[in-house]
Asker: 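There's a structure below that I have some questions on.
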Amino acid sequence: MARRLLRWYQRSHRKLPWREHPTPYSVWVSEVMLQQTRVDTVVDKYIEFLRRFPTLETLAAATTEDVVTAWSGLGYYRRARSLHAGARAVLEHHGGEFPRDLDSALDLPGVGPYTAGAVLSIAYNQPTPAIDGNVERVVTRLLRLGEDPRKADVARKVRTTVAEWIPRKDASSFNQALMELGATVCQPRSPRCNVCPISENCLAKQEGDAESFPRKPRAQKILPVTLHAVAVQRGQKLLLQRVDEGSFLRGLWLFPFDVSAEAVQDHLEEATSARCSLAPLGTVRHAITFRRITLHTYRGTPSVRIPTKLPDGLGWFRREDFGRTVAVSSLALKVAKLLEHSPVEKS
Ligand code: SF4
């Protein structure tokens, strides 16, 4: 099975930038980015990120604000903060080299069994399993595992099975091949069993019920969130508000928002002494983990000129700096797009 899988991988894998010259650092960055984010979204951000922080040392030396800014558009910013803290820990405790043993790797901030396994196997060719959602799906189908793989004992079984399969000489390609098979062939819906290189080893294929694996408990309840945001423009600059600690977008910049349009008007008036009249701009929808956000947006025209100097937590920023020098939420990018398509009417 391993031979067939490896042959298929050499022939068919997608050309992706992090596969070109994998180093422990580049594999680490790419694997963290790829958690919960689509490959298409990651490609450009990965290239940009490595241009900005080409080595672990440059990442460790950067400020958290710089790292979070470079992460703009990828979402799940906790990953950026952990990666940054991890880079600093590697520099401080491991002489700048990602540790080669699993326990030390797992001690790093934000590094769990998957990331550790991916870096150790892909960069160091060590036979350590790296079980992401794709691999989990392939394995549960191959074995027709009838239990929830998120349960500890089932997860252990998946892990031990993969550890037994990994060929000692080519752990790097084998782990990547399993991931690639899950991403491109053994997909959640309509797996392409007819082109699968290991279909003859697959129990679910034989039974014709591949789609019912992996078995999963009921999904977490979706939480709808409705917010209102006001976009105030002055020349080339836009007024943004930093999201408070404790909120799900903490630390990022977004157009001033609150639970109602009036609440935003009040808040802005208190901070700037200007009351904004509002004209509807449009509605933006966005999903963050289990939250489904509906953001009603308005163009705000202040009653008096809002000063350049603003209280902490508010600031004027140029649109082209979003995601470059200012860490904005993807929501802010969506609202900025609305603004671009709805230019101010001249009276
Ligand atoms: Fe997945 Fe089908 Fe291949 Fe089995 S045969 S591993 S279900 S693609």
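It should be emphasised that the depicted structure is a prediction, and the values quoted were computed from it without experimental measurement. Whatever order the structure lists ligands and atoms in, that order sets their numbers, starting from 1.
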Asker: Can you see whether Tyr9 has Arg11 sitting over its ring - NZ or CZ less than 6.0 Å from the centre and within 45° of the normal?
Answerer: no
Asker: Check Tyr46, Tyr124, Trp18, Phe98 against Trp28 for a ring pair (Phe, Tyr, Trp, His ring centres under 6.0 Å) and give me the one that passes.
Answerer: Phe98
Asker: Which N, O or S atoms belonging to the protein are less than 2.8 Å from atom 4 (Fe) of ligand 1?
Answerer: Cys202 SG
Asker: Using 4.0 Å as the upper bound for N to carboxylate O, is an ion pair formed by Glu340 and Arg319?
Answerer: yes
Asker: Can you name the residues that form a side-chain contact (heavy atoms from CB on, under 4.5 Å) with Lys169, not counting sequence neighbours?
Answerer: none
Asker: Using distance alone, with no hydrogens and no angle criterion, decide if Arg299 and Gln233 have a side-chain donor and acceptor under 3.5 Å apart.
Answerer: yes
Asker: Check this for me: does any side-chain nitrogen of one of Asp153 and Arg156 sit under 4.0 Å from a carboxylate oxygen of the other?
Answerer: no
